[in-house]
Amino acid sequence: MPSVKALGLLTAKTQQFKLGYGGIPEMTAEDVSRFLARIQHPLVSLYARAKYAGDPSSVAKLVERLAMSIRHTGHRRRWKWRKVDEICQGLAWLAVLEAIPGAAGDIERGKIPRQ
């Protein structure tokens with residue numbers, strides 16, 4: 001074996017991993033939004049319009065529907081809360097603001113009415 005090849009075997013090389021840039025994504029946010037908007041469940045449709053389509057009017061509607069759902073679940077399970085409406089509204093806002101990052105900025109800019 002030639003000495004150059006033997007020396008090459010002794011030298012360790014690491015694998016280089018690089019992220020590729022550019023190209024067209026196979027699925028866009030608009031594709032996801034269109035698909036989710038076709039689903040008949042009203043909460044899923046509102047969530048898709050708020051998160052992926054960026055519709056600020058859907059955020060307030062989504063919060064109302066979530067608060068109603070939380071209230072209904074609490075009534076069915078006989079939760080004993082004081083100030084039920086405030087708690088349900090707060091939980092719904094928290095869930096929406098966690099799931100839709102741009103919603104907090106829209107509230108500050110006045111695009112979404114805080115109730």
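Just so it is clear, the model here is predicted, and its values are computed rather than measured.
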Determine yes or no for a side-chain-to-main-chain donor-acceptor pair under 3.5 angstrom, with Lys61 supplying the side chain and Leu46 the backbone. no
[X] and [Y]: which non-hydrogen atoms are nearest, and at how many Å?
X     : Y     : result
Ala67 : Ala92 : N-CB, 3.7 Å
Arg65 : Pro42 : NH2-CG, 3.5 Å
Val96 : Val59 : CG1-CG1, 3.7 Å

Going by the side chain to side chain contact (heavy atoms under 4.5 Å, CB included) test, name the single residue among Ile70, Thr73, Leu66 that passes it with Cys88. Ile70
How many angstroms lie between CD in Gln40 and OG in Ser45, if you round to the nearest 0.5 Å?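 Reported value, rounded in 0.5 Å steps: 8.5 Å.
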Out of curiosity, Met68 CE to Gln89 CD, how far, rounded to the nearest 0.5 Å?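 Rounded to the nearest 0.5 Å, the CE-CD separation comes to 10.5 Å.
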If you group Ile, Leu, Val, Met, Phe, Trp and Tyr by side-chain heavy-atom gaps below 4.5 Å, do [X] and [Y] land in one group?
X     : Y     : answer
Leu91 : Trp79 : yes
Val63 : Leu94 : no
Tyr47 : Leu43 : yes

